[in-house]
Amino acid sequence: MSNQIPEETIEEIRNSNDIVDVIGEYVQLKKQGRNFFGLCPFHGEKTPSFSVTQEKQIFHCFGCGKGGNAVTFIMEIEGFTFYQAIQHLAAKSGHTLPDNLHPNQEGHHNKEQENVLKAFEWLTKLYHHLLRHTKEGKEGYNYLISRGFNDEVIDRFQLGFSPNSKEFIAEFLEKKGFHRQLMVKAGVLTVNDQNQATDRFRGRVIFPIRNHLGKSIGFGGRTISDQEPKYLNSPESDLFRKGSLLYNFDLARASIRKEQEAVLFEGYMDVISAYKAGIQNGIATLGTSITESQAKLLRRYVDTVIICYDADRAGLQASFKAAKLLKNVGCHVKVASMPDNLDPDEYIQLYGAERFKNDVITSSDTYMAFIIRYFRKDYNLKLEGDRIQYVERVLDELALIERPIEREHFLKELANEFELSSKVLDEEIRSRRQKIGFKQDKQQQVSHTKVTKDTFQTKKMLPAFHNAERQLLAYMLHDFSIAEKVKEELGASFNVDEHKVIVTYLYAYYEAGHEPNVSHFIENLPDSSLQHLVVQIAMVPIHSNISDKEINDYIWTILSEQSHHAKIKSLKAEQKEAEKQNDSVKAAQIGMEIVEIQRQIKKSNL
């Protein structure tokens, strides 16, 4: 699997990348007991069942069953090959891979995609250089300075400018060895009416759009003249999918984890203006409404998302949709409120950074307070009919709130404002909650401990020999001497086929001189299903001072299963022979004996 990368280099890189740090860049992890828990990035869930064990350097999801180490996690979540995962981790830990290794040694490596990424990298540098250091970029530079930007901000976000020339960018890319046809296909260039390949962003200020790894995969261009549209993004491609990306996510991620909240804006300008105002955890969608994919991405990282969209009617509608979607994926949602139909960039320019932080971000409405404010705009509350409809609509929304204390707070406000009986409103809420399936208020959330306990209880429903094999494997993964004992007395004669394969690889792993290390061992397994199974087994609780008697009991249970099946097979052969001889009495006696053995097996498995 490792190609020609020296094993000691892989081991050094693996040891330099703690799995909690690696996965923590993709999942919000919270320590509970000896392990860390978070929302699984591989399947949708609202209650954390994804566990990371720092001691063993492995992860396991009790929901979908996936498991592995830091390397396999990166391979799974990024779609990387083994080489690419090691390369990624090496860059994080400051290691350098040998010069004689090249990514194209991996058969799945996408050379075309690699060329496109290199083209974006070159263009990001070129656009930025043109803006900062050339006469051609002066127009774009002056525009950004007039918007309150400074050199530090321009450099941090690598802002650039594309000159108003049809051929300049296309010729630049060609000189660097990039074929025009590929650049058009990737959306780097566009074809005009004369069938010429030209830069789609010419005459615009450039905002590089990076993926979560910090690599440019597209651009946004803002006109500084009368061009239409005002903002233009790269077209959709294999690399650039607007519905899955968030602008500035790579730079904001550390601050998002630190602050435990993200601020969601509508556009690049708002994110950058907010950064100038001291808000470093700002991100934005790319000219579209937030998608479920983007919402789930945010939920993996934070509990709280503050929506800070424009204050006009369209902005309010967008805030409502975003709030609903983020709430549905399990986020704690807040919504900022700004006066006079301003957008965040305009507000900061008018009132300054401190007022924006204190009066807008810190003073954000709770989800329910915003929803009530949003509903209010559609009714004339001076009219009795509108008042009743408004109250009914708010009650529908309040019925969805799980926390009784939060419901009571807003019910009291509603009762006081419209001089209604709290008792009547409470009965209305109860009726609505019963209709939508909420029988009673939840007393407690499901804990991680409960998830883990239930998982192992489920495993105990397996036959006794199956549980014995898993338990024995758990000890063998942990202790070389136990593996040696089992090898001598049992070899690979396990009853479950997957277990036979695992012990064969485990014996070979120990024979190669390796120490017990689950995280290292799973990289020797041929497919991901076996890796997941080994991690699942490694999570089984074991005793540090297990006796030889207990190990022998597991071995006896495994051998007994084989003995029972061998006996049944022999008896069935005898029964068949008796039937051929028309000896129905003997055949029936043998049948009774088979039934009795099967009954004993079933009893021992209870």
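Keep in mind that the numbers below use all heavy atoms, side chains included, and drop hydrogens, waters and symmetry copies.
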request  = Answer whether the closest heavy-atom distance between the side chains of Leu350 and Asp340 falls below 4.5 Å.
outcome  = no

ask   = Is a donor on one side and an acceptor on the other found under 3.5 Å between the side chain of Ser255 and the backbone of Ala252?
value = no

query = Is a donor on one side and an acceptor on the other found under 3.5 Å between the side chain of Gln294 and the backbone of Lys242?
reply = yes

inquiry  = Determine whether a donor-acceptor pair (N or O, by modelled atom type, separation under 3.5 Å) exists between the side chain of Asp365 and the backbone of Phe370.
reply    = no

request  = May I have the step-by-step check of ring-ring contact (aromatic ring centres under 6.0 Å, His included) for Phe375 and Tyr390, ending in yes or no?
outcome  = CA-CA 7 Å; Phe375 286 163; Tyr390 170 71; 7.4 Å; no

key: Geometric class of the Phe219/Phe201 ring pair [parallel <30°, tilted 30-60°, perpendicular >60°]   = perpendicular

key: Candidate list Arg253, Arg257, Gln28, test side chain to side chain donor-acceptor pair (under 3.5 Å), partner Tyr301, passing option   = Arg253

ask   = Does Lys412 pair with Glu408 as a salt bridge, N-O distance under 4.0 Å?
value = yes

ask   = Is there a donor-acceptor contact under 3.5 Å from the side chain of Glu78 to the main chain of Met75?
value = no

message = Please determine whether salt bridge (Lys or Arg N to Asp or Glu O under 4.0 Å) holds for the pair Glu397 and Lys324, giving the CA-CA distance in whole Å, both sets of side-chain angles, and the decisive distance to 0.1 Å.
response = CA-CA 11 Å; Glu397 195 68 36; Lys324 281 283 189 182; 2.7 Å; yes

task = May I have the step-by-step check of salt bridge (Lys or Arg N to Asp or Glu O under 4.0 Å) for Asp378 and Arg393, ending in yes or no?
result = CA-CA 11 Å; Asp378 295 329; Arg393 194 172 178 189; 3.4 Å; yes

ask   = Does Asp312 use its side chain to pair, donor to acceptor, with the backbone of Asn341 at less than 3.5 Å?
value = no

ask   = For Cys64 and Phe42, which heavy atoms make the closest approach, and how far apart are they?
value = SG-CB, 4.4 Å

Distance-only donor-acceptor check, side chains Ser216 and Thr124, under 3.5 Å = yes

ask   = Which atoms form the tightest heavy-atom contact between Asn192 and Lys166, and what is the distance?
value = ND2-CD, 4.4 Å

message = With salt bridge (Lys or Arg N to Asp or Glu O under 4.0 Å) as the criterion, how do Lys327 and Glu402 come out once you've worked through the C-alpha distance, each side chain's angles and the decisive distance to 0.1 Å?
response = CA-CA 12 Å; Lys327 184 79 170 175; Glu402 293 186 4; over 6 Å; no

query = Will you find, in the side chains of Asn69 and Thr72, an N or O donor that is under 3.5 Å from an N or O acceptor?
reply = yes

note = What one should report as the nearest heavy-atom pair of Glu259 and Asn281 is CB-ND2, 3.9 Å

message = Quick one: does any side-chain atom of Glu266 pair with a main-chain N or O of Asp310 as donor and acceptor, under 3.5 Å?
response = yes

ask   = Between Arg407 (side chain) and Phe410 (backbone), is there a donor-acceptor pair under 3.5 Å?
value = no

key: Intermediate values then yes/no, side-chain contact (heavy atoms from CB on, under 4.5 Å), Ile371 and Met368   = CA-CA 5 Å; Ile371 294 295; Met368 198 61 220; 4.2 Å; yes

key: Distance-minimising heavy-atom pair for Lys357 and Ile279   = CG-CD1, 3.5 Å

task = Output yes when a side-chain donor or acceptor of Ser363 lies under 3.5 Å from a complementary backbone atom of Asn358, and no otherwise.
result = yes

inquiry  = Between Asp238 and Val116, is the side-chain contact (heavy atoms from CB on, under 4.5 Å) condition met? List the steps.
reply    = CA-CA 10 Å; Asp238 290 341; Val116 173; over 6 Å; no

task = For the residue pair Tyr351 and Tyr347, categorise the inter-ring angle as parallel (less than 30°), tilted (30 to 60°) or perpendicular (more than 60°).
result = tilted

key: Worked verdict on Tyr275 versus Phe157 for ring-ring contact (aromatic ring centres under 6.0 Å, His included)   = CA-CA 10 Å; Tyr275 171 79; Phe157 291 91; 5.3 Å; yes

task = Go through the steps to decide whether Glu171 and Lys175 satisfy the test salt bridge (Lys or Arg N to Asp or Glu O under 4.0 Å), and finish with yes or no.
result = CA-CA 6 Å; Glu171 289 176 355; Lys175 287 176 183 176; 5.3 Å; no

query = Should the pair Asp250-Lys215 be classified as a salt bridge under the 4.0 Å nitrogen-to-oxygen rule?
reply = no

remark   = Nearest heavy-atom contact between Ile206 and Ser162 is CG1-N, 3.9 Å

message = Between the side chains of Glu136 and Arg202, is the shortest nitrogen-to-carboxylate-oxygen separation below 4.0 Å, so that they form an ion pair?
response = no

inquiry  = Under a 3.5 Å threshold, yes or no: a donor from one side chain and an acceptor from the other, between Gln260 and His332?
reply    = no

request  = Starting from the C-alpha separation in whole Å, work towards a yes-or-no answer on side-chain contact (heavy atoms from CB on, under 4.5 Å) for Ile23 and Phe59.
outcome  = CA-CA 9 Å; Ile23 294 181; Phe59 72 89; 3.7 Å; yes

inquiry  = Between Glu121 and Lys125, does any NZ, NE, NH1 or NH2 come within less than 4.0 Å of an OD or OE carboxylate oxygen?
reply    = yes

query = Counting distance only, does the side-chain N/O of Arg200 pair as donor-acceptor with the main-chain N or O of Ser234 below 3.5 Å?
reply = no

task = Return yes if a side-chain donor-acceptor contact under 3.5 Å exists between His95 and Glu12, otherwise no.
result = yes

remark   = For Tyr268 and Gly220 the tightest heavy-atom approach is OH-CA, 3.5 Å

inquiry  = Under a 3.5 Å distance rule, please check whether Arg355 uses its side chain to pair with a backbone N or O of Val360 as donor and acceptor.
reply    = no

